[in-house]
*Asks:* 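Below are the structure tokens for one structure; questions will follow.
No experiment lies behind these values; they were computed from the predicted model shown.
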Amino acid sequence: MADILQNLTDLKLGVVINWSGAPYKIVEASFMRKSQGKPNMRTKLKNLLDGRVIEQTFKSGDRVERADLSRGKASFLYVEGDQCVFMDSESYDQFSLPLTQLEHEVQFMTEGLDVDIMNYNGKPVTIELPMKLTLTVTETTDAVRGDTAQGAVLKEAKVETGATIRVPAFVKNGDVIRVNTETGEYVERA
């Protein structure tokens, strides 16, 4: 039996729904209610099969079905051309997902990283990273003296995966830091 989302407020960031015959992940959601009008939820949906992003507004009473996804574990192996190659932790089968579909995630992935894999109709369609990852700072600049008047002093640092993260002034080359993979923000020194 399909899991039907009953309320607009069930359409939250990260929820995967069936829409137009494909699984879509909600990547943005904002609740709207105009003075005397009915409430609606404006969303941006990412197609998990081809990576396209569409905008969709749902009205109160719209029938929305949660996508039937199964989860598994996999390890990230490497990037080959425009594909990210993974190995299923149970069957040891290798599979790949398009790099364009994992644009956000790939900036935090290191070889051997364990990820959650989501399968739709028995086929891998996307991954979920751990909420926080530990990465090594490979390059950073010195903080500019006098920036403290603005509050917290942040500077840019490049981590081992090539991603650029805003970090506090005390972080230096070689430091190991924790990064929030959803927002791409510095969390703490590890």
Side-chain angles (χ1 to χ4, degrees), residues 12-17 23-29 43-53 66-67 69-120 123-143 147 151-190:
K12 298 177 187 168
L13 198 63
V15 171
V16 180
I17 62 172
Y24 281 86
K25 183 176 186 177
I26 299 174
V27 293
E28 279 185 32
T43 63
K44 280 192 179 177
L45 306 172
K46 181 178 181 180
N47 186 316
L48 297 182
L49 300 178
D50 62 20
R52 287 183 301 124
V53 176
R66 187 182 304 265
L69 296 176
S70 62
R71 290 180 170 268
K73 295 281 186 191
S75 293
F76 171 64
L77 299 178
Y78 54 89
V79 174
E80 183 175 47
D82 63 348
Q83 300 285 313
C84 291
V85 181
F86 297 88
M87 181 176 64
D88 188 295
S89 298
E90 291 179 16
S91 67
Y92 301 109
D93 291 336
Q94 288 187 12
F95 62 92
S96 59
L97 294 172
L99 196 55
T100 54
Q101 202 167 323
L102 303 174
E103 286 176 18
H104 175 75
E105 292 85 351
V106 76
Q107 64 183 330
F108 304 111
M109 297 187 325
T110 56
E111 288 182 15
L113 176 68
D114 290 329
V115 298
D116 287 337
I117 189 75
M118 289 195 254
N119 299 299
Y120 182 74
K123 180 183 174 226
V125 291
T126 192
I127 64 162
E128 258 184 25
L129 295 175
M131 181 67 89
K132 294 178 187 171
L133 284 176
T134 304
L135 300 169
T136 303
V137 175
T138 57
E139 184 181 320
T140 187
T141 58
D142 292 330
D147 279 351
V153 180
L154 296 177
K155 61 182 182 176
E156 291 192 348
K158 193 170 266 191
V159 294
E160 62 189 291
T161 60
T164 301
I165 312 286
R166 304 269 303 152
V167 298
F170 58 80
V171 174
K172 56 189 181 308
N173 288 349
D175 281 357
V176 179
I177 62 172
R178 280 197 181 80
V179 177
N180 180 320
T181 57
E182 283 186 354
T183 63
E185 295 175 349
Y186 168 88
V187 176
E188 63 189 357
R189 238 193 308 203

*Asks:* Determine whether a donor-acceptor pair (N or O, by modelled atom type, separation under 3.5 Å) exists between the side chain of Lys46 and the backbone of Val53.
*Replies:* no
*Asks:* Please report the C-alpha distance between Val125 and Leu97 in whole Å, then the side-chain angles of each, then the deciding distance to 0.1 Å, and finally whether the side chain to side chain contact (heavy atoms under 4.5 Å, CB included) criterion is met.
*Replies:* CA-CA 7 Å; Val125 291; Leu97 294 172; 5.7 Å; no
*Asks:* To check you understand the geometry: which heavy-atom pair defines the closest contact between Leu113 and Leu133, and what is its length?
*Replies:*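 Minimum heavy-atom separation between Leu113 and Leu133: CD1-CD2, 3.5 Å.
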*Asks:* Hey, is the main chain of Arg178 close enough, under 3.5 Å, to the side chain of Thr134 for a donor-acceptor pair?
*Replies:* no
*Asks:* Considering all heavy atoms of both residues, which atom of Thr181 and which atom of Pro130 are nearest to each other, and what is their separation?
*Replies:*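 So the two residues come closest at OG1-O, 2.7 Å.
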*Asks:* Could you check if a side-chain atom of Arg166 sits within less than 4.5 angstrom of a side-chain atom of Glu156, using non-hydrogen atoms only?
*Replies:*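 A side-chain contact exists here, since the closest heavy-atom pair is under 4.5 Å.
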*Asks:* Check Leu13 against Val27 and note the closest heavy-atom contact, atom names and distance.
*Replies:*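 Heavy-atom minimum between the residues: CD1-O, 2.8 Å.
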*Asks:* Looking at every non-hydrogen atom in both residues, tell me the closest pair between Val167 and Ala157 and how far apart they are.
*Replies:* CG2-CB, 3.7 Å
*Asks:* Using side-chain heavy atoms (C-beta onward) and a distance below 4.5 Å, is Ser96 in contact with Cys84?
*Replies:*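 No. Closest side-chain heavy atoms not under 4.5 Å.
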*Asks:* Examine distances only and state if a side-chain atom of Gln101 and a backbone atom of Leu48 form a donor-acceptor pair shorter than 3.5 Å.
*Replies:* yes
*Asks:* Does either side chain, that of Asn173 or that of Thr140, offer a donor lying less than 3.5 Å from an acceptor on the other one?
*Replies:* no
*Asks:* So, do Ile177 and Val137 sit near enough that their side-chain heavy atoms are less than 4.5 Å apart?
*Replies:* yes
*Asks:* Does any non-hydrogen side-chain atom of Leu45 lie less than 4.5 Å from one of Ile17?
*Replies:*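 A side-chain contact under 4.5 Å exists here.
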*Asks:* Please examine the side chains of Leu99 and Val79, heavy atoms only from C-beta on, and report whether any two atoms are closer than 4.5 Å.
*Replies:*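 With C-beta onward as the side chain, the pair touches.
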*Asks:* Give the intermediate values and the outcome of side chain to side chain contact (heavy atoms under 4.5 Å, CB included) for residues Leu129 and Phe76.
*Replies:* CA-CA 10 Å; Leu129 295 175; Phe76 171 64; over 6 Å; no
*Asks:* Would you mind reporting whether Met109 and Ile127 have side-chain heavy atoms less than 4.5 Å apart?
*Replies:* yes
*Asks:* Would you indicate whether Tyr92, at its atom OH, is surrounded by more than 12 heavy atoms from other residues, nucleotides or ligands within a distance under 6.0 Å?
*Replies:*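 Open: at most 12 neighbouring heavy atoms sit under 6.0 Å from OH of Tyr92.
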*Asks:* Measuring only between side-chain heavy atoms, which start at C-beta, is Glu28 closer than 4.5 Å to Thr43?
*Replies:* no
*Asks:* Is the backbone N or O of Thr183 less than 3.5 Å from a side-chain atom of His104, with the two atoms forming a donor-acceptor pair by type?
*Replies:*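 No: the side chain of His104 does not pair with the backbone of Thr183.
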*Asks:* Please check if atom CD in Glu80 has more than 12 non-hydrogen atoms from other residues, nucleotides or ligands closer than 6.0 Å.
*Replies:*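 Counting other residues, nucleotides and ligands, CD of Glu80 stays at 12 neighbours or fewer.
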*Asks:* Could you walk me through whether Tyr186 and Val171 pass the side chain to side chain contact (heavy atoms under 4.5 Å, CB included) check?
*Replies:* CA-CA 10 Å; Tyr186 168 88; Val171 174; 4.0 Å; yes
*Asks:* Going by the angle between their ring planes, with limits at 30° and 60°, are Phe95 and Phe86 parallel, tilted or perpendicular?
*Replies:* parallel
*Asks:* How long is the gap from CG on Leu102 to OG1 on Thr100, to the nearest 0.5 Å?
*Replies:* 8.0 Å
*Asks:* Kindly indicate, with the supporting measurements, whether the criterion salt bridge (charged side-chain N to carboxylate O under 4.0 Å, His left out) is fulfilled by Glu188 and Lys132.
*Replies:* CA-CA 10 Å; Glu188 63 189 357; Lys132 294 178 187 171; 5.4 Å; no
*Asks:* State, with a plain yes or no, whether a side-chain heavy atom of Lys12 is found less than 4.5 Å away from one of Ile26.
*Replies:*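 A side-chain contact is absent here, since even the closest heavy-atom pair is not under 4.5 Å.
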*Asks:* Of all the heavy-atom pairs spanning Glu111 and Leu77, show the shortest one and how long it is.
*Replies:*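 Answer, listing the atom of Glu111 first, then Leu77: CG-O, 3.1 Å.
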*Asks:* Can you spot which of Asn47, Val15, Val16 makes a side chain to side chain contact (heavy atoms under 4.5 Å, CB included) with Tyr24?
*Replies:*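 For Tyr24, the side chain to side chain contact (heavy atoms under 4.5 Å, CB included) test succeeds with only one of Asn47, Val15, Val16, which is Asn47.
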*Asks:* Considering all heavy atoms of both residues, which atom of Gly184 and which atom of Phe108 are nearest to each other, and what is their separation?
*Replies:*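 That closest heavy-atom pairing would be CA-CZ, 3.6 Å.
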*Asks:* In sequence, state the C-alpha distance, the side-chain angles, and the governing distance for Asp114 and Lys73, and then conclude on salt bridge (charged side-chain N to carboxylate O under 4.0 Å, His left out).
*Replies:* CA-CA 7 Å; Asp114 290 329; Lys73 295 281 186 191; over 6 Å; no
